[in-house]
S.K.: 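Dumping the structure here so I can ask a few things about it.
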Amino acid sequence: MSFKDMKRKSVGSISELTKKLESAEKKNSYQDDRFWKPTLDKASNGMAVFRFLPAPENEDMPWAKLYTHAFKVGGRWYIENSRTTIGEKDPVSEMNSELWNSGLESDKDIARDRKRKLSYISNILVLKDPGAPENEGKVFLYKYGVKIFNKIQEAMQPEFQDEEPLNPFDFWGGADFKLKIRKVGGYVNYDKSEFAPSTELFEGDDSALERIWNQQHKLGEFVNPETF
């Protein structure tokens with residue numbers, strides 16, 4: 001770059017640097033505004049109503065399945081995606097196997113503390129959020145665990161013959177999900193969460209459904225090997 005070019009560009013240099021700074025801060029932040037989280041009261045109770053959404057365009061599944069590790073070693077946190085998510089060996093899982101097979105209870109305690117955690121990520125449309133009403137009507141990513149995923153499986157494959165199966169991720173044949181969170185025995189509990197009867201979202205209005213469809217976030221990035 002010549003001196004003349006540098007002088008010419010100096011007029012907008014502050015705004016350009018500001019944009020780059022904001023971009024860098026966003027990349028280095030652990031906060032991802034695409035994700036929705038329920039608001040809990042002082043007793044750690046909370047509720048919300050949302051709709052699970054279909055797989056995004058050009059993707060096959062309405063959820064991403066992810067294994068992660070999060071534990072402390074010497075006062076420092078290790079927080080990483082597990083490579084077992086993408087069908088590869090993971091150093092933490094391999095070390096946990098060695099610890100578990102050592103025969104020492106102290107080693108097993110370490111392995112338990114460092115075990116991988118299973119979670120799922122889906123697109124949702126928030127319908128009712130008493131703790132943050134500004135979220136209502138917006139599309140977010142939602143990270144949830146096995147308990148809620150089991151609710152989804154039960155809806156798709158009901159246990160009893162008099163229960164109609166439903167696809168929770170379908171615009172037309174899906175259902176609103178009533179998230180109910182309680183603190184039971186010191187742990188977060190989702191047992192009272194349930195699906196409402198099946199209804200068409202927005203009464204099947206194609207224009208409204210297409211608008212939501214176009215707002216969905218891609219899920220493939222969460223299982224992209226480059227992020228591990």
S.K.: Which heavy atom in A175 sits nearest to a heavy atom in A196, and how many Å separate them?
M.R.: CB-O, 3.1 Å

S.K.: Does the side chain of E226 reach to within under 4.5 Å of the side chain of E221, using non-hydrogen atoms?
M.R.: no

S.K.: Apart from I110 itself, what residues make up its hydrophobic cluster when side-chain heavy atoms of I, L, V, M, F, W and Y under 4.5 Å apart count as a link, directly or indirectly?
M.R.: M95, L99

S.K.: Hey, does the side chain of N81 reach the backbone of F228 with a donor-acceptor pair shorter than 3.5 angstrom?
M.R.: no

S.K.: Are V92 and Y78 side-chain neighbours, meaning at least one heavy-atom pair lies under 4.5 Å?
M.R.: yes

S.K.: Working to the nearest 0.5 Å, report the span between NZ of K72 and CD1 of I79.
M.R.: 10.0 Å

S.K.: In the structure I gave you, are the side-chain heavy atoms of Y144 and F52 within less than 4.5 Å of one another anywhere?
M.R.: yes

S.K.: Where do V223 and A64 come nearest, in terms of heavy atoms and distance?
M.R.: CG1-CB, 4.5 Å

S.K.: With sequence neighbours excluded, what pairs up with D41 under the side chain to side chain donor-acceptor pair (under 3.5 Å) test?
M.R.: none

S.K.: For K115, look at atom NZ and say whether over 12 heavy atoms of other residues, nucleotides or ligands are found less than 6.0 Å away.
M.R.: no

S.K.: Do any N or O atoms from the side chain of E59 and from the backbone of K218 form a donor-acceptor pair under 3.5 angstrom?
M.R.: no

S.K.: Which atom pair, heavy atoms only, marks the closest approach of M61 to L219?
M.R.: O-CD1, 3.7 Å

S.K.: Find out whether W100 and R112 are in side-chain contact, i.e. whether some heavy atom of one side chain is under 4.5 Å from a heavy atom of the other.
M.R.: yes

S.K.: Would F35 end up clustered with I148 when hydrophobic side chains under 4.5 Å apart are linked, directly or stepwise?
M.R.: no

S.K.: Yes or no on side chain to side chain contact (heavy atoms under 4.5 Å, CB included) for V139 and I212, after CA distance, side-chain angles and deciding distance?
M.R.: CA-CA 7 Å; V139 173; I212 295 300; 3.9 Å; yes

S.K.: Looking only at atom types and distance, does a side-chain atom of D113 sit under 3.5 Å from a main-chain N or O of D109, one as donor and one as acceptor?
M.R.: no

S.K.: Determine the minimum heavy-atom distance between P168 and M156, stating which atoms define it.
M.R.: CD-CG, 3.5 Å

S.K.: Flag yes if F195 and F171 sit in one hydrophobic cluster, no otherwise; membership is Ile, Leu, Val, Met, Phe, Trp, Tyr, and two members link when side-chain heavy atoms are under 4.5 Å apart.
M.R.: no

S.K.: Do I152 and L66 sit in the same hydrophobic cluster, where Ile, Leu, Val, Met, Phe, Trp and Tyr count as joined when their side-chain heavy atoms come under 4.5 Å apart?
M.R.: no

S.K.: Below 4.5 Å, heavy atoms only, C-beta onward: do R83 and S93 meet side chain to side chain?
M.R.: no

S.K.: Around Q157, counting heavy atoms of other residues, nucleotides and ligands shown, do more than 12 lie under 6.0 Å from its CD?
M.R.: no

S.K.: Using a 4.5 Å cut-off on heavy atoms from C-beta on, say whether the side chain of N96 contacts that of R116.
M.R.: no

S.K.: If Ile, Leu, Val, Met, Phe, Trp and Tyr residues are connected whenever their side-chain heavy atoms lie under 4.5 Å apart, and connections chain through other members, are I121 and L118 in the same group?
M.R.: no

S.K.: What's the separation between atom CE in M47 and atom CD1 in I181, rounded to the nearest 0.5 Å?
M.R.: 10.0 Å

S.K.: Atom NZ in K143, atom CG in D32: separation rounded to 0.5 Å?
M.R.: 10.5 Å

S.K.: Is any side-chain heavy atom of E136 less than 4.5 Å from a side-chain heavy atom of K128?
M.R.: yes

S.K.: To the nearest 0.5 angstrom, please state how far the CH2 atom of W172 sits from the OG1 atom of T199.
M.R.: 13.5 Å

S.K.: Do you reckon V126 sits in the same ILVMFWY cluster as Y120, going by side-chain contacts under 4.5 Å, direct or chained?
M.R.: yes

S.K.: Nearest 0.5 Å please: distance from the CD atom of E200 over to the CG atom of L209.
M.R.: 8.0 Å

S.K.: Nearest 0.5 Å, what's the NZ-CH2 distance between K138 and W36?
M.R.: 13.5 Å

S.K.: Restricting to non-hydrogen atoms, name the atom on K180 and the atom on K192 that form the minimum distance, rounded to 0.1 Å.
M.R.: CD-O, 3.3 Å

S.K.: Do P56 and N123 touch side chain to side chain, with heavy atoms closer than 4.5 Å?
M.R.: yes

S.K.: Please find the pair of heavy atoms, one from F222 and one from T227, that lie closest to each other, and give the distance.
M.R.: O-OG1, 4.3 Å

S.K.: In terms of the angle between their ring planes, are W63 and F149 parallel, tilted or perpendicular, with boundaries placed at 30° and 60°?
M.R.: perpendicular

S.K.: Checking I124 against F177 for the side chain to side chain contact (heavy atoms under 4.5 Å, CB included) test, could you report, in this order, the C-alpha distance in whole Å, the side-chain angles of both residues, the deciding distance, and whether it holds?
M.R.: CA-CA 10 Å; I124 63 169; F177 186 70; over 6 Å; no

S.K.: Tell me if a side-chain donor or acceptor on S82 pairs with a main-chain N or O of H69 at a distance below 3.5 Å.
M.R.: no

